[in-house]
Structure formats: C-alpha cells, structure tokens
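Down below is the structure, laid out as structure tokens.
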Amino acid sequence: MTEKEKEATLPAKKDFSEWYNELLQVAEIMDVRYPVKGLYVWYPFGFTIRKNVYNIIRELLDRDHMETMFPLLIPEHEFMKEAEHIKGFEDEVYWVTHGGTSPLDVKLALRPTSETAIYPMYKLWVRSHADLPLKLYQVVNTFRYETKHTRPLIRLREITSFKEAHTVHATWEEAAEQVDEAIRIYTEFYKRLAVPVLASKRPDWDKFPGADYTIAVDALMPDGKTLQVGTAHHLGDNFARTFDIKYENPAGEQVYVHQTCYGVSERSIAALISIHGDDKGLVLPPEVAPIQVVIIPIVFKDSSDVIHACEKVQQLLQDAGIRVKIDLSDDRPGAKYYRWEMKGVPLRLEIGPRDLKNGVAVLVRRDTGEKRQAPLENISHETQETLEVIQSALFEKAVADVQARIFTCSSLEDVKEKLPEGIALLPWCGDKACGLQIEEKIGAGILGIPTGQEEGHKGQCPVCGKDASVKVYVARKY
RNA sequence: GGGGCCGUAGGGUAGCCUGGACCAUCCUACUAGACUGGGGGUCUAGUGACUGGAGUUCAAAUCUCCACGGCCCCA
C-alpha cells in the first residue's frame, strides 16, 4: 500500500479540523451521524474512556463533596428569577411547552445549567450554620440551543457529561477559597489526563452570568486555539438573595449564604484526544485507556504454545490490575498493529515463536514507538513500570509543548504575529474599553489574568499607553 | 447575523449541466470458504445506496420548491 493511500484513512494531524472529525469516527469515540444537529452518539469504546475520565473526577470530588441528581426540567418561574442569569442564557434555552397534545400552564426549561433547579431546594435544605459548608455535585446532561457551528465534544446542543458542583458557604471569603480549591482540583484532574491547563481570572465581560467573578482553566489545542475546559464561579450572595437562601448564624441572625459553582464537561475528552493524538490515531494516557495493553500473538501454522503463552501473560497482567486484551482475530499482525495504534492502546506486547524460544516478549510503546525486549518471567512488573513511564512522559511532553507556545508580547502587532502558534502574554491596564479594543484589533479573546500573578509594573497597555499592573493571556478561542 | 457550496451502500467516489433502458461502476467495508501469518495479504463466491417530502414529466439520482443534515467564506 502506498503512503498516499494510508493517509486516506486518517488525515494528518496538521490538518487538525479534519483529523479531529475523522479520528472520532475511526477510533470509535463518537458517531457523528445522528440525524439531529449538535447531538452525537458515544460509541462503547469512547464511552469507556468517558467512564474512566469521570471516575477520576469523582474520586477527586468524593473526598469532601457528595454526589446528587436534580431534575432535567426547570419551571419557568424559577428559571426567570435571576435577571443576569436569564440574560446570559435566554437565547439558548430549549422549552418544553406541551404535555402530549395539551399546552402546559407552566413552561419547562431543559436545564442549560442547574443553578435554578438546585437553589430552590438549597433554600429548603440550608437552615443553620451547622449545615455549612454544603458541597454537592452531579454529572448530567444539559441542553443549549447553539446556533453557531456545532462540533462533537466541543460545542454541543446536548452536553452529555456536565459535571457541575454547587457549594454553599457562610462567608464570601470561604466561597472564594472554594473557587481556588476548585481550580486546584481541576488542575489535578487534568494532570491525571496528562493535559496541562492554564488558569486565569476571566475579564468582567466574560464571567458567568450572575457571578461576582469567574476563574477558568484552558487547554492549548494543536491548532493554537485554546479550549476552555473548566470554570469556577464565585456567585457571591447574588443567587442567595434571589432564591432566599439564608442560614441562622451563631448569634441567631438570618444571613444570606455565599455560593460557588464549578463545572467540567466532555470537552475534557476533546482536549485529551487532541493533545496526545498523532498521525496514526489516538494516544491514550494509561490512566484512562480502556485497554492498557494489547497482546498480539504471532501465530504460524500450529502454534498453540504461542497462544498459551499469551494467555498466561494476560492472566498475569490481569492479576496485576492491568486492563489487557489478546487480539486473536485472524488478521495479519501488521493489520492488528495499525488497528490498536488507531485506538491509542499505550503498550503493545508481541509474542511469537522466536520470542518464546528466548523467553521474552517484544514491548512497543504507542507514544514513542520505542521497541524493546523484556523477559517473560517478570513481565507484569516490566509492563506496570512502562505504563507509568508513558503516563508521565505524555504529561511532560505536553507541558513542554505549552511552555514553548506562550509568548511574551508588548505590542498588538507582536501578538498578531504570535497568535497562530499559541498564546500571548500582554500588558493590560485593566480598563474594559482597552480590553475590548485589544480583542477587536487582533480578532482574538482575552482569556484573563493568570492566577497567582503578582501585581506590579508590567509595561504599558498597548491601547492607551498607561502603566499596566497585570499581564493577560490572549488567544484565539474555540 | 449575512452569503455560498453540497447530500449516491458502513466509509470514499463517478453519473447530474444535456431527465430514459442494462444487475449502474470502482476502491474500501461486511459475510462465507480456502491458502496465509514478525507492519495494512491473496483468490473465489456473496451482501449492500441514490437524505425526506412535494411539484414538473409518459419518465427524476439528474430539473423546481420546502424541510432536515453537512461543509466553507464574511461579520
């Protein structure tokens, strides 16, 4: 087969958009053929990745959050309570208007997010300072009527996997601390996916509708655009006043609570796939790979001892807690290599008659292609160790890539030149008018002020020329 | 928000402008069998499609309109 024909299976990664769409299909993540715009179907293989990814976020949250589940439908009068919130979402809400053939007296919204479903109940649940803090989360689907270009896992009409946490605190300061904690949790979560993220405080005009402020984490995609993959919002007492959520403090006074909410979605999986994948297909970090090791028996006529050896190895690996599969299909070995490379299996193990004679197996890393022999006698230890090496190698490589694509700039021309590659760091005076002009002049967005940045003299604002005390991330956004 | 292009087996294409028969064609995929087997195998025999609706017509994959879906450009 010629090189050209091989490429026909999957476009090169440098053609990122085509590569992404095709990969979802060929690697069996999502089937994009569902006949409604913006809705897609999880293949079982993709869904297993999802399961593994969400197990991690659950593990992290379950340390001090409780999982819950609220209804999908929100009555109109609750949804319409918070003015800012409505303004932010009204254009993208689906409404249920009929029960059978009869019009409903009260229209029901399909949640675009769940604040207005949850907070009427929080009003009932929160009575005293002893009830606080309250930290709940749920993993649910949400609906947004996107009119722009929809894209699987990234811009959806049904977000199938929205993990949203909603916390209640006694004071504004405690809530602020929870927002920081949320960002720490997300950073750890993404590290487990081997995805480096940048945290920044969103500018005021880009915060969550109804929030005091928003801190978000972004991932840098291969095409140089950033993908917002997690947000944490300080809601102040805005929703508490709207939904009348109060507690009795030790002094016996009724006071409004302070709240936060924070979420991640299947965009996490979009980032995971895009950042690590290559021209041959998926590259999955061992943590989330549905199959961590695939064993390819190299069989000739009558080579039942090869099969037996493979089964024995499979058993050993399974006992060590490794997700392992033997490919016994009657394809040629080469065809199997390509198939499992497409599926992103981190480690391939080849065993043939030649290896048996030598008492070894051939180990092939998916991320580097590196091939080496390992003795069969301590195969499970070798495998385990290699998987760990791959996991951290993927993260380190991704971190280095992001670092190399953040550019310190001082002028708008400079930013324009650098943006196709990645992210710019630019001084900004903090004035909204200047910020909007920056965005307009370079045709990109201000992500925000990097968290942890110390204020001080950072140069001149490229618009008004005044002294700037902060630098902001600027990037082309999804 | 405005404009343009497109929709043919599971996937990729030809045919459409200029309506017509025949099993519509090729690559791939899938099914069955045989030979094979250390990087996408070969042969044989099969399976499978004109997005949906309305209109024009003796006749529609082809022309017209609407819907749904996809892609691109501009703001």
Side-chain angles (χ1 to χ4, degrees), chain A residues 1-12 15-41 43-45 90-92 145-158 223 278-282 294-307 309-310 313 326-343 345 347-366 368-374 376 436-437 439-445 476-477:
Chain A
M1 191 183 263
T2 67
E3 282 302 311
K4 220 178 216 169
E5 280 166 313
K6 278 186 202 170
E7 282 168 18
T9 318
L10 183 70
D15 304 319
F16 177 67
S17 209
E18 290 102 87
W19 175 88
Y20 178 79
N21 285 333
E22 196 61 28
L23 179 62
L24 291 178
Q25 192 72 42
V26 181
E28 296 184 298
I29 310 285
M30 306 293 294
D31 197 326
V32 301
R33 294 170 300 181
Y34 192 76
V36 178
K37 181 182 165 71
L39 309 191
Y40 308 93
V41 181
Y43 278 110
F45 183 78
E90 65 183 351
D91 287 339
E92 40 189 272
Y145 183 71
E146 296 286 352
T147 52
K148 291 212 173 91
H149 197 196
T150 53
R151 203 190 279 270
L153 300 177
I154 291 177
R155 178 166 283 115
L156 306 154
R157 285 188 169 175
E158 180 188 7
D223 59 359
D278 63 19
D279 286 355
K280 289 178 167 180
L282 281 180
V294 65
I295 302 172
I296 311 288
I298 310 298
V299 295
F300 293 81
K301 247 182 268 189
D302 185 35
S303 40
S304 50
D305 21 335
V306 169
I307 303 286
C310 289
V313 170
I326 303 183
D327 188 346
L328 289 172
S329 64
D330 65 355
D331 295 304
R332 314 266 292 217
K336 296 182 186 181
Y337 300 163
Y338 281 105
R339 176 177 332 127
W340 296 112
E341 280 166 357
M342 183 66 74
K343 288 285 190 73
V345 176
L347 190 60
R348 179 173 81 230
L349 239 147
E350 304 168 16
I351 301 175
R354 210 161 61 205
D355 306 305
L356 271 192
K357 212 182 295 168
N358 301 329
V360 298
V362 177
L363 266 62
V364 186
R365 276 173 67 169
R366 174 65 181 88
T368 59
E370 181 210 334
K371 226 177 217 196
R372 70 179 162 84
Q373 296 192 330
L376 279 170
L436 292 177
Q437 265 208 51
E439 291 193 333
E440 191 179 331
K441 282 192 174 160
I442 58 180
R476 289 146 62 230
K477 302 193 284 186

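Remember, predicted model here, so these are calculated numbers, not experimental data. Numbered from 1 within each chain, the chains take letters A, B, ... in sequence-line order.
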Using the [atom1] atom in both, what is the distance from [N] to [M], to the nearest Å?
N: B:G52; M: B:G46; atom1: P; value: 28 Å
N: B:A61; M: B:U13; atom1: C1'; value: 14 Å
N: B:C43; M: B:C27; atom1: P; value: 10 Å

Write down the distance between CD (A:Glu22) and C1' (B:G11), rounded to a whole number of angstrom.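 Rounded to the whole Å, the gap is 8 Å.
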A:Tyr34: which residues meet the ring-ring contact (aromatic ring centres under 6.0 Å, His included) condition with it, sequence neighbours left out?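 A:Tyr34 satisfies ring-ring contact (aromatic ring centres under 6.0 Å, His included) with no residue once adjacent residues are dropped.
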Contacts of A:Tyr337 meeting ring-ring contact (aromatic ring centres under 6.0 Å, His included) (sequence neighbours excluded), chain-then-number -> none
Mind running a 4.0 Å heavy-atom check of residues 354-361 of chain A against RNA chain B and sending the residues that fall below it, in number order?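 Those residues whose heavy atoms fall under 4.0 Å from RNA chain B, taken from residues 354-361 of chain A in numerical order, are A:Arg354, A:Asp355.
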In residues 27-35 of chain A, what residues come within less than 4.0 Å of RNA chain B, judged by heavy atoms?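 Nucleic-acid contacts, sorted: A:Arg33, A:Pro35.
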Could you tell me whether the side chain of A:Arg476 and the main chain of A:Ala444 form a donor-acceptor pair under 3.5 Å? no
Do the side chain of A:Arg366 and the main chain of A:Glu341 share a donor and acceptor less than 3.5 angstrom apart? yes
For A:Tyr337 and B:G39, is the gap between ring centres under 5.5 Å while the planes differ by less than 30°?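 The base of B:G39 is not stacked with A:Tyr337 (the test needs centres under 5.5 Å and planes under 30°).
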Matching residue for A:Leu10 among A:Met342, A:Glu18, A:Lys280 - test: side chain to side chain contact (heavy atoms under 4.5 Å, CB included): A:Met342
Taking any heavy-atom pair under 4.0 Å as a contact, classify A:Arg348: base, sugar-phosphate, or nothing. base
Tell me whether the side-chain N/O atoms of A:Lys336 come closer than 4.0 Å to OP1 or OP2 in B:G39. no
Could you pull out the protein-nucleic contacts involving nucleotides 71-75 of chain B (nitrogen or oxygen on both sides, under 3.5 Å)?
residue: B:C71; atom: OP2; partner: A:His149; partner atom: NE2; Å: 3.0

Does A:Gln25 make a side-chain donor-acceptor contact with the base of B:G10, cut-off 3.5 Å?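 When only heavy-atom distances are counted, A:Gln25 does not reach the base of B:G10 through any donor-acceptor pair under 3.5 Å.
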With Watson-Crick and G-U wobble geometry limited to distances under 3.5 Å, how should the secondary structure of RNA chain B be encoded in dot-bracket form, using | for bases paired to another strand and [ ] for crossing pairs? (((((((..(((.......[.....)))(((((((.....)))))))...(((((..]....)))))))))))).
Closest-nucleotide mapping onto RNA chain B: is A:Thr147 or A:Val299 further toward the 5' terminus? I mean the 5' end. A:Thr147
